[in-house]
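Notes to accompany the following structure.
Order of the sequence lines sets the chain letters (A, B, ...), proteins ahead of strands, with each chain counted from 1. All values below were derived from every heavy atom in this structure, side-chain atoms included, with hydrogens, water molecules and symmetry-related copies excluded.
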Number of protein chains: 2
Amino acid sequence: MTDTKPYHHGELRPALIDAANAIIRDGGIEGLSMRRLADQVGVSRTAPYHHFKDKNALLCAIAEIGFEAQDRMIREILDVEDDASSQALFTRWVRAYIRFANDNPQTYDLMYGKEIWKRGSPTPSLQQISKASFRLWVDLVERMQRQRVLPADHCALRTAQASWAALHGLARLLIDGIYVERQDLEEIADTVVALITRSDAN
Amino acid sequence: MTDTKPYHHGELRPALIDAANAIIRDGGIEGLSMRRLADQVGVSRTAPYHHFKDKNALLCAIAEIGFEAQDRMIREILDVEDDASSQALFTRWVRAYIRFANDNPQTYDLMYGKEIWKRGSPTPSLQQISKASFRLWVDLVERMQRQRVLPADHCALRTAQASWAALHGLARLLIDGIYVERQDLEEIADTVVALITRSDAN
DNA sequence: GTCGAAACTTGACACCGTCAAGTTAAAAAT
DNA sequence: ATTTTTAACTTGACGGTGTCAAGTTTCGAC
(Lines give C-alpha, C1' and ligand atoms only; values in the text may rest on other atoms or scores of the structure.)
Protein backbone atom coordinates (compact mmCIF):
# COMPACT_ATOMS: atom_id res chain seq x y z
CA MET A 1 0.00 0.00 0.00
CA THR A 2 1.42 3.33 -0.98
CA ASP A 3 0.99 6.21 1.39
CA THR A 4 -2.35 7.76 0.56
CA LYS A 5 -1.79 11.48 0.63
CA PRO A 6 -0.81 12.28 4.15
CA TYR A 7 -1.54 15.81 5.21
CA HIS A 8 2.14 16.49 5.48
CA HIS A 9 3.97 15.72 2.33
CA GLY A 10 7.24 15.47 4.13
CA GLU A 11 9.49 15.95 1.16
CA LEU A 12 7.72 18.82 -0.49
CA ARG A 13 10.65 21.09 -1.08
CA PRO A 14 12.79 18.66 -3.05
CA ALA A 15 9.70 17.30 -4.75
CA LEU A 16 8.81 20.79 -5.90
CA ILE A 17 12.28 21.43 -7.21
CA ASP A 18 12.32 18.13 -9.07
CA ALA A 19 8.93 18.67 -10.65
CA ALA A 20 9.69 22.28 -11.49
CA ASN A 21 12.97 21.26 -13.06
CA ALA A 22 11.19 18.73 -15.23
CA ILE A 23 8.51 21.22 -16.25
CA ILE A 24 11.08 23.81 -17.16
CA ARG A 25 13.22 21.31 -19.00
CA ASP A 26 10.47 20.79 -21.51
CA GLY A 27 8.36 23.89 -21.66
CA GLY A 28 10.60 26.62 -20.35
CA ILE A 29 9.97 29.13 -17.64
CA GLU A 30 6.78 30.17 -19.36
CA GLY A 31 5.43 26.68 -18.91
CA LEU A 32 5.87 26.76 -15.17
CA SER A 33 3.07 28.06 -13.03
CA MET A 34 2.97 27.72 -9.29
CA ARG A 35 -0.54 26.34 -9.45
CA ARG A 36 0.12 23.66 -12.02
CA LEU A 37 3.31 22.76 -10.20
CA ALA A 38 1.52 22.32 -6.91
CA ASP A 39 -1.20 20.35 -8.66
CA GLN A 40 1.34 18.05 -10.25
CA VAL A 41 3.06 17.36 -6.95
CA GLY A 42 -0.31 16.74 -5.37
CA VAL A 43 -0.61 19.62 -2.95
CA SER A 44 -2.77 22.70 -2.85
CA ARG A 45 -1.98 25.88 -4.77
CA THR A 46 -0.36 27.71 -1.93
CA ALA A 47 1.56 24.89 -0.30
CA PRO A 48 4.76 25.78 -2.19
CA TYR A 49 4.75 29.17 -0.51
CA HIS A 50 5.75 27.55 2.75
CA HIS A 51 9.00 26.46 1.17
CA PHE A 52 9.67 29.31 -1.22
CA LYS A 53 8.92 32.94 -0.54
CA ASP A 54 7.56 33.35 -4.04
CA LYS A 55 7.99 32.14 -7.59
CA ASN A 56 11.21 34.07 -7.92
CA ALA A 57 12.75 32.21 -4.99
CA LEU A 58 11.83 28.88 -6.54
CA LEU A 59 13.32 29.89 -9.87
CA CYS A 60 16.51 31.02 -8.16
CA ALA A 61 16.82 27.67 -6.40
CA ILE A 62 16.50 25.87 -9.72
CA ALA A 63 18.96 28.20 -11.38
CA GLU A 64 21.43 27.42 -8.62
CA ILE A 65 21.19 23.74 -9.39
CA GLY A 66 21.81 24.62 -13.00
CA PHE A 67 24.98 26.49 -12.08
CA GLU A 68 26.14 23.56 -10.02
CA ALA A 69 25.60 21.19 -12.92
CA GLN A 70 27.43 23.53 -15.26
CA ASP A 71 30.33 23.93 -12.86
CA ARG A 72 30.57 20.19 -12.45
CA MET A 73 30.72 19.75 -16.20
CA ILE A 74 33.33 22.46 -16.63
CA ARG A 75 35.50 21.10 -13.86
CA GLU A 76 35.49 17.70 -15.52
CA ILE A 77 36.91 19.36 -18.59
CA LEU A 78 39.61 21.06 -16.58
CA ASP A 79 40.58 18.08 -14.49
CA VAL A 80 41.51 16.00 -17.49
CA GLU A 81 44.86 17.79 -17.48
CA ASP A 82 46.28 15.65 -20.20
CA ASP A 83 48.70 16.67 -22.88
CA ALA A 84 46.23 19.10 -24.36
CA SER A 85 47.61 22.44 -25.40
CA SER A 86 46.14 25.61 -23.96
CA GLN A 87 44.43 26.34 -27.21
CA ALA A 88 42.86 22.90 -27.22
CA LEU A 89 41.77 23.30 -23.63
CA PHE A 90 40.16 26.61 -24.44
CA THR A 91 38.38 25.14 -27.41
CA ARG A 92 37.17 22.27 -25.31
CA TRP A 93 35.80 24.65 -22.72
CA VAL A 94 33.95 26.69 -25.29
CA ARG A 95 32.47 23.60 -26.87
CA ALA A 96 31.42 22.28 -23.47
CA TYR A 97 29.84 25.58 -22.61
CA ILE A 98 27.88 25.71 -25.84
CA ARG A 99 26.91 22.09 -25.52
CA PHE A 100 25.52 22.76 -22.06
CA ALA A 101 23.45 25.60 -23.44
CA ASN A 102 22.32 23.43 -26.32
CA ASP A 103 21.42 20.46 -24.14
CA ASN A 104 19.73 22.49 -21.43
CA PRO A 105 18.40 25.53 -23.25
CA GLN A 106 15.60 26.25 -20.83
CA THR A 107 17.83 25.91 -17.79
CA TYR A 108 20.43 28.13 -19.42
CA ASP A 109 17.76 30.67 -20.15
CA LEU A 110 16.72 30.60 -16.52
CA MET A 111 20.30 30.87 -15.27
CA TYR A 112 21.28 33.82 -17.40
CA GLY A 113 17.95 35.25 -18.51
CA LYS A 114 16.21 38.36 -17.42
CA GLU A 115 13.40 36.50 -15.69
CA ILE A 116 15.60 36.33 -12.63
CA TRP A 117 18.17 39.04 -13.22
CA LYS A 118 15.96 41.84 -14.41
CA ARG A 119 12.31 41.11 -13.87
CA GLY A 120 12.84 39.27 -10.64
CA SER A 121 15.79 39.55 -8.30
CA PRO A 122 18.54 37.01 -7.76
CA THR A 123 18.79 35.38 -4.36
CA PRO A 124 22.01 36.20 -2.48
CA SER A 125 23.14 32.60 -2.75
CA LEU A 126 22.40 32.57 -6.46
CA GLN A 127 24.39 35.75 -6.89
CA GLN A 128 27.26 34.13 -5.08
CA ILE A 129 27.31 30.93 -7.07
CA SER A 130 26.93 32.69 -10.41
CA LYS A 131 29.71 35.05 -9.49
CA ALA A 132 31.93 32.11 -8.61
CA SER A 133 31.07 30.56 -11.93
CA PHE A 134 32.17 33.68 -13.77
CA ARG A 135 35.29 33.85 -11.65
CA LEU A 136 36.22 30.44 -13.02
CA TRP A 137 36.02 31.90 -16.50
CA VAL A 138 38.13 34.90 -15.56
CA ASP A 139 40.78 32.55 -14.23
CA LEU A 140 40.83 30.58 -17.44
CA VAL A 141 41.07 33.75 -19.48
CA GLU A 142 43.97 34.95 -17.37
CA ARG A 143 45.75 31.67 -17.98
CA MET A 144 45.07 31.92 -21.70
CA GLN A 145 46.46 35.41 -21.72
CA ARG A 146 49.66 34.27 -20.06
CA GLN A 147 50.01 31.58 -22.66
CA ARG A 148 49.26 34.04 -25.43
CA VAL A 149 46.14 32.25 -26.56
CA LEU A 150 44.12 35.34 -25.80
CA PRO A 151 45.33 38.90 -26.33
CA ALA A 152 46.60 40.65 -23.23
CA ASP A 153 46.11 44.23 -24.30
CA HIS A 154 43.19 44.51 -21.94
CA CYS A 155 43.03 43.28 -18.38
CA ALA A 156 41.77 39.81 -17.62
CA LEU A 157 38.42 41.02 -16.34
CA ARG A 158 37.61 43.01 -19.46
CA THR A 159 38.84 40.27 -21.74
CA ALA A 160 36.80 37.77 -19.79
CA GLN A 161 33.71 39.91 -20.06
CA ALA A 162 34.18 40.44 -23.76
CA SER A 163 34.94 36.85 -24.61
CA TRP A 164 32.21 35.51 -22.39
CA ALA A 165 29.81 37.90 -24.08
CA ALA A 166 30.68 36.15 -27.33
CA LEU A 167 29.90 32.76 -25.86
CA HIS A 168 26.78 33.97 -24.17
CA GLY A 169 25.62 35.72 -27.32
CA LEU A 170 25.97 32.55 -29.33
CA ALA A 171 24.10 30.58 -26.69
CA ARG A 172 21.32 33.13 -26.71
CA LEU A 173 21.01 33.19 -30.48
CA LEU A 174 20.73 29.46 -30.39
CA ILE A 175 18.17 29.40 -27.62
CA ASP A 176 16.04 32.24 -28.91
CA GLY A 177 16.24 30.94 -32.47
CA ILE A 178 17.60 34.03 -34.17
CA TYR A 179 19.95 34.03 -37.13
CA VAL A 180 21.50 30.73 -36.09
CA GLU A 181 20.43 27.25 -37.16
CA ARG A 182 20.99 24.44 -34.72
CA GLN A 183 22.88 22.36 -37.24
CA ASP A 184 25.45 25.10 -37.80
CA LEU A 185 26.16 25.43 -34.12
CA GLU A 186 29.47 23.62 -33.89
CA GLU A 187 30.83 25.38 -36.90
CA ILE A 188 29.87 28.77 -35.52
CA ALA A 189 31.30 27.86 -32.14
CA ASP A 190 34.61 27.06 -33.82
CA THR A 191 34.41 30.32 -35.69
CA VAL A 192 33.95 32.13 -32.40
CA VAL A 193 37.03 30.44 -31.01
CA ALA A 194 39.04 31.28 -34.09
CA LEU A 195 37.79 34.84 -33.91
CA ILE A 196 38.77 35.55 -30.33
CA THR A 197 41.94 33.51 -30.00
CA ARG A 198 45.17 34.86 -31.39
CA SER A 199 45.66 33.70 -34.92
CA ASP A 200 49.35 32.86 -34.40
CA ALA A 201 48.37 30.28 -31.81
CA ASN A 202 46.07 28.69 -34.31
CA MET B 1 -13.64 71.87 -26.99
CA THR B 2 -11.69 68.70 -27.43
CA ASP B 3 -13.44 65.77 -29.02
CA THR B 4 -15.24 63.96 -26.26
CA LYS B 5 -14.71 60.30 -26.94
CA PRO B 6 -16.42 59.54 -30.19
CA TYR B 7 -17.46 55.96 -30.63
CA HIS B 8 -14.91 55.55 -33.38
CA HIS B 9 -11.45 56.48 -32.31
CA GLY B 10 -10.34 56.98 -35.88
CA GLU B 11 -6.62 56.69 -35.27
CA LEU B 12 -6.58 53.75 -32.94
CA ARG B 13 -3.88 51.69 -34.60
CA PRO B 14 -1.16 54.32 -34.54
CA ALA B 15 -2.34 55.49 -31.14
CA LEU B 16 -1.95 51.97 -29.81
CA ILE B 17 1.51 51.62 -31.25
CA ASP B 18 2.57 54.95 -29.81
CA ALA B 19 1.23 54.20 -26.37
CA ALA B 20 2.61 50.66 -26.38
CA ASN B 21 5.99 51.95 -27.44
CA ALA B 22 6.00 54.38 -24.55
CA ILE B 23 4.92 51.74 -22.07
CA ILE B 24 7.60 49.36 -23.25
CA ARG B 25 10.23 52.06 -23.27
CA ASP B 26 9.88 52.40 -19.53
CA GLY B 27 8.68 49.16 -18.10
CA GLY B 28 9.62 46.59 -20.70
CA ILE B 29 7.47 43.99 -22.33
CA GLU B 30 6.40 42.75 -18.95
CA GLY B 31 4.88 46.12 -18.22
CA LEU B 32 2.64 46.00 -21.25
CA SER B 33 -0.77 44.45 -20.93
CA MET B 34 -3.42 44.70 -23.59
CA ARG B 35 -5.95 45.82 -21.02
CA ARG B 36 -3.88 48.62 -19.54
CA LEU B 37 -2.87 49.69 -23.00
CA ALA B 38 -6.46 49.93 -24.17
CA ASP B 39 -7.37 51.73 -20.99
CA GLN B 40 -4.61 54.25 -21.45
CA VAL B 41 -5.65 54.99 -25.02
CA GLY B 42 -9.22 55.34 -23.84
CA VAL B 43 -10.91 52.39 -25.51
CA SER B 44 -12.34 49.16 -24.21
CA ARG B 45 -10.24 46.10 -23.43
CA THR B 46 -10.87 44.31 -26.70
CA ALA B 47 -10.77 47.23 -29.10
CA PRO B 48 -7.10 46.63 -29.94
CA TYR B 49 -8.01 43.20 -31.27
CA HIS B 50 -9.63 44.83 -34.28
CA HIS B 51 -6.24 46.20 -35.30
CA PHE B 52 -3.93 43.45 -34.12
CA LYS B 53 -4.69 39.76 -34.24
CA ASP B 54 -3.26 39.33 -30.77
CA LYS B 55 -0.61 40.64 -28.43
CA ASN B 56 2.10 38.95 -30.44
CA ALA B 57 1.10 40.86 -33.57
CA LEU B 58 1.26 44.14 -31.70
CA LEU B 59 4.69 43.32 -30.32
CA CYS B 60 5.91 42.39 -33.79
CA ALA B 61 4.71 45.71 -35.16
CA ILE B 62 6.62 47.56 -32.47
CA ALA B 63 9.71 45.44 -32.99
CA GLU B 64 9.57 46.35 -36.68
CA ILE B 65 9.67 50.01 -35.81
CA GLY B 66 12.65 49.27 -33.63
CA PHE B 67 14.47 47.61 -36.52
CA GLU B 68 13.70 50.57 -38.73
CA ALA B 69 15.12 52.96 -36.16
CA GLN B 70 18.21 50.81 -35.75
CA ASP B 71 18.73 50.55 -39.49
CA ARG B 72 18.36 54.29 -39.85
CA MET B 73 21.00 54.82 -37.19
CA ILE B 74 23.39 52.32 -38.72
CA ARG B 75 22.99 53.78 -42.20
CA GLU B 76 23.88 57.19 -40.88
CA ILE B 77 27.14 55.72 -39.66
CA LEU B 78 27.84 54.15 -43.00
CA ASP B 79 26.90 57.15 -45.11
CA VAL B 80 29.49 59.36 -43.50
CA GLU B 81 32.05 57.80 -45.85
CA ASP B 82 34.80 60.09 -44.76
CA ASP B 83 38.46 59.30 -44.50
CA ALA B 84 37.83 56.75 -41.79
CA SER B 85 39.76 53.55 -42.06
CA SER B 86 37.95 50.28 -42.21
CA GLN B 87 38.95 49.51 -38.68
CA ALA B 88 37.57 52.83 -37.52
CA LEU B 89 34.37 52.25 -39.41
CA PHE B 90 33.98 48.86 -37.82
CA THR B 91 34.59 50.29 -34.38
CA ARG B 92 32.08 53.02 -35.03
CA TRP B 93 29.48 50.46 -36.04
CA VAL B 94 30.02 48.37 -32.95
CA ARG B 95 29.81 51.39 -30.71
CA ALA B 96 26.64 52.56 -32.44
CA TYR B 97 25.12 49.12 -32.10
CA ILE B 98 25.90 48.94 -28.40
CA ARG B 99 24.72 52.48 -27.89
CA PHE B 100 21.39 51.61 -29.47
CA ALA B 101 21.02 48.67 -27.14
CA ASN B 102 22.01 50.82 -24.22
CA ASP B 103 19.66 53.67 -25.09
CA ASN B 104 16.71 51.45 -25.98
CA PRO B 105 17.19 48.36 -23.84
CA GLN B 106 13.56 47.37 -23.73
CA THR B 107 13.09 47.81 -27.45
CA TYR B 108 16.25 45.83 -28.10
CA ASP B 109 14.98 43.10 -25.85
CA LEU B 110 11.75 43.01 -27.79
CA MET B 111 13.52 42.98 -31.15
CA TYR B 112 15.90 40.16 -30.36
CA GLY B 113 14.32 38.52 -27.34
CA LYS B 114 12.53 35.26 -27.07
CA GLU B 115 9.17 36.84 -26.34
CA ILE B 116 8.68 37.13 -30.07
CA TRP B 117 11.15 34.63 -31.49
CA LYS B 118 10.54 31.71 -29.23
CA ARG B 119 7.47 32.14 -27.10
CA GLY B 120 5.50 33.95 -29.76
CA SER B 121 6.05 33.84 -33.49
CA PRO B 122 7.54 36.56 -35.66
CA THR B 123 5.31 38.14 -38.27
CA PRO B 124 6.45 37.51 -41.87
CA SER B 125 7.19 41.19 -42.30
CA LEU B 126 9.19 41.24 -39.09
CA GLN B 127 11.14 38.23 -40.23
CA GLN B 128 11.91 40.01 -43.45
CA ILE B 129 13.07 43.25 -41.92
CA SER B 130 15.18 41.51 -39.28
CA LYS B 131 16.74 39.34 -41.92
CA ALA B 132 17.58 42.41 -43.98
CA SER B 133 19.12 43.97 -40.90
CA PHE B 134 21.39 40.98 -40.40
CA ARG B 135 22.21 40.99 -44.09
CA LEU B 136 23.61 44.46 -43.62
CA TRP B 137 25.93 43.09 -40.96
CA VAL B 138 27.04 40.22 -43.18
CA ASP B 139 27.91 42.71 -45.90
CA LEU B 140 29.99 44.76 -43.51
CA VAL B 141 31.77 41.67 -42.27
CA GLU B 142 32.53 40.64 -45.82
CA ARG B 143 34.01 44.04 -46.49
CA MET B 144 36.07 43.84 -43.32
CA GLN B 145 37.35 40.45 -44.34
CA ARG B 146 38.48 41.78 -47.71
CA GLN B 147 40.32 44.56 -45.96
CA ARG B 148 41.81 42.12 -43.50
CA VAL B 149 40.21 43.71 -40.48
CA LEU B 150 38.42 40.46 -39.77
CA PRO B 151 39.91 37.01 -40.31
CA ALA B 152 38.83 35.27 -43.50
CA ASP B 153 39.47 31.69 -42.49
CA HIS B 154 35.74 31.15 -42.22
CA CYS B 155 33.12 32.27 -44.70
CA ALA B 156 31.44 35.63 -44.29
CA LEU B 157 28.20 34.16 -42.97
CA ARG B 158 29.87 32.19 -40.20
CA THR B 159 32.14 35.05 -39.28
CA ALA B 160 29.16 37.36 -39.27
CA GLN B 161 27.22 35.03 -37.01
CA ALA B 162 30.13 34.63 -34.64
CA SER B 163 31.00 38.30 -34.44
CA TRP B 164 27.41 39.37 -34.17
CA ALA B 165 26.97 36.87 -31.37
CA ALA B 166 29.70 38.76 -29.54
CA LEU B 167 27.88 42.05 -29.99
CA HIS B 168 24.55 40.59 -29.13
CA GLY B 169 25.96 38.84 -26.09
CA LEU B 170 27.37 42.08 -24.78
CA ALA B 171 24.08 43.84 -25.39
CA ARG B 172 22.24 41.12 -23.53
CA LEU B 173 24.59 41.13 -20.57
CA LEU B 174 24.06 44.84 -20.36
CA ILE B 175 20.30 44.63 -20.63
CA ASP B 176 19.83 41.70 -18.31
CA GLY B 177 22.32 43.11 -15.83
CA ILE B 178 24.69 40.16 -15.58
CA TYR B 179 28.40 40.40 -15.01
CA VAL B 180 28.58 43.79 -16.71
CA GLU B 181 28.32 47.19 -15.10
CA ARG B 182 26.83 49.95 -17.18
CA GLN B 183 29.78 52.23 -16.57
CA ASP B 184 32.24 49.72 -18.00
CA LEU B 185 30.26 49.33 -21.19
CA GLU B 186 32.41 51.36 -23.57
CA GLU B 187 35.58 49.78 -22.32
CA ILE B 188 34.18 46.31 -22.76
CA ALA B 189 32.85 47.21 -26.19
CA ASP B 190 36.34 48.28 -27.20
CA THR B 191 37.72 45.07 -25.78
CA VAL B 192 35.26 43.15 -27.92
CA VAL B 193 36.45 45.01 -30.99
CA ALA B 194 40.07 44.38 -30.13
CA LEU B 195 39.29 40.76 -29.51
CA ILE B 196 37.61 40.00 -32.81
CA THR B 197 39.56 42.23 -35.16
CA ARG B 198 42.97 41.15 -36.36
CA SER B 199 45.66 42.43 -34.11
CA ASP B 200 47.91 43.46 -36.99
CA ALA B 201 45.26 45.91 -38.17
CA ASN B 202 45.17 47.37 -34.72
C1' DG C 1 -0.94 15.09 27.43
C1' DT C 2 -0.65 19.78 26.24
C1' DC C 3 0.94 23.34 23.48
C1' DG C 4 3.21 25.80 20.02
C1' DA C 5 5.03 25.70 15.68
C1' DA C 6 5.20 24.06 11.25
C1' DA C 7 2.83 22.11 7.07
C1' DC C 8 -0.91 22.43 4.46
C1' DT C 9 -5.84 23.89 2.72
C1' DT C 10 -9.69 26.78 1.19
C1' DG C 11 -11.28 31.30 -0.16
C1' DA C 12 -10.55 35.47 -2.09
C1' DC C 13 -8.51 39.41 -4.85
C1' DA C 14 -6.74 41.59 -8.66
C1' DC C 15 -4.77 40.86 -12.59
C1' DC C 16 -4.07 38.70 -17.44
C1' DG C 17 -5.28 37.36 -22.88
C1' DT C 18 -8.99 36.71 -25.79
C1' DC C 19 -13.46 34.73 -27.58
C1' DA C 20 -18.62 35.57 -28.55
C1' DA C 21 -22.30 38.36 -29.09
C1' DG C 22 -24.19 42.78 -29.20
C1' DT C 23 -24.10 47.97 -30.40
C1' DT C 24 -22.93 52.07 -33.03
C1' DA C 25 -21.31 54.65 -36.80
C1' DA C 26 -19.53 55.20 -41.21
C1' DA C 27 -19.21 53.74 -46.05
C1' DA C 28 -21.23 51.57 -50.12
C1' DA C 29 -24.93 50.32 -52.91
C1' DT C 30 -29.30 50.98 -54.43
C1' DA D 1 -32.11 59.43 -50.00
C1' DT D 2 -32.71 55.31 -48.17
C1' DT D 3 -31.21 50.87 -47.42
C1' DT D 4 -27.64 47.62 -46.69
C1' DT D 5 -23.24 46.21 -45.71
C1' DT D 6 -19.11 46.55 -43.22
C1' DA D 7 -15.99 48.12 -40.00
C1' DA D 8 -15.08 49.96 -35.22
C1' DC D 9 -16.00 49.43 -30.80
C1' DT D 10 -18.35 47.63 -26.30
C1' DT D 11 -19.87 44.49 -22.58
C1' DG D 12 -19.83 39.88 -20.65
C1' DA D 13 -17.66 35.83 -19.87
C1' DC D 14 -14.07 31.96 -19.40
C1' DG D 15 -10.06 30.07 -17.78
C1' DG D 16 -5.73 31.18 -16.42
C1' DT D 17 -2.09 33.57 -13.32
C1' DG D 18 0.62 34.95 -8.47
C1' DT D 19 -0.13 35.44 -3.75
C1' DC D 20 -2.32 37.14 0.67
C1' DA D 21 -5.33 36.00 4.86
C1' DA D 22 -7.44 32.96 7.69
C1' DG D 23 -8.47 28.40 8.96
C1' DT D 24 -7.23 23.26 9.64
C1' DT D 25 -4.24 19.33 10.48
C1' DT D 26 -0.23 17.20 12.13
C1' DC D 27 4.25 16.80 14.27
C1' DG D 28 7.74 17.63 17.88
C1' DA D 29 9.04 19.27 22.33
C1' DC D 30 8.04 19.86 26.93
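Each of B/R35 and B/E11 has a nearest nucleotide on DNA chain D; the 5'-most of these lies closest to B/E11.
Between B/R135 and B/D139 there is a salt bridge, with a side-chain nitrogen of the basic residue lying less than 4.0 Å from a carboxylate oxygen of the acidic one. Salt-bridge check for B/D184 with A/R158: passed, with a basic side-chain N closer than 4.0 Å to an acidic carboxylate O. Ion pairing of A/E30 with B/K118 is absent here, as no side-chain N (NZ or NE/NH1/NH2) approaches a carboxylate O to less than 4.0 Å. For A/R172 and A/D109, the salt-bridge test passes: some basic side-chain N is under 4.0 Å from an acidic carboxylate O.
For the pair A/M34 CE and C/dC15 C1', the interatomic distance rounds to 17 Å; values are reported in whole Å. Rounded to an integer number of Å, the gap from CG of B/D39 to P of C/dG17 is 12 Å. A straight line from CD1 of B/I29 to P of C/dG17 spans 13 Å, rounded to a whole angstrom. Whole-Å rounding puts the A/L58 CG to D/dG18 P distance at 10 Å. Atom P of nucleotide C/dC15 and atom CG of B/L37 are separated by 16 Å, given to the nearest angstrom. When the P atom of D/dG16 is taken as reference, atom NZ of B/K55 falls 18 Å away, rounded to whole Å. Protein atom CD of A/E30 is 13 Å distant from nucleotide atom P of D/dT17, rounded to whole Å. Atom CG in B/D54 sits roughly 14 Å away from atom C1' in C/dC16 (whole-Å rounding).
Listed by residue number, A/R45, A/T46, A/A47, A/H50, A/H51 are the residues of residues 45-52 of chain A with a heavy-atom contact under 4.0 Å to DNA chain C.
Side-chain polar atoms of A/Y112 and B/Y179 form no donor-acceptor pair below 3.5 angstrom. Donor-acceptor pairing under 3.5 Å is recorded for the side chains of B/Y97 and B/W164. Between the side chains of B/S125 and B/E64, at least one donor N or O sits under 3.5 Å from an acceptor N or O.
Between B/S44 and the phosphate of D/dT11, there is no side-chain N or O to OP1/OP2 separation shorter than 4.0 Å.
Using a 4.0 Å heavy-atom criterion, one finds that B/R13 contacts no nucleic acid atom at all.
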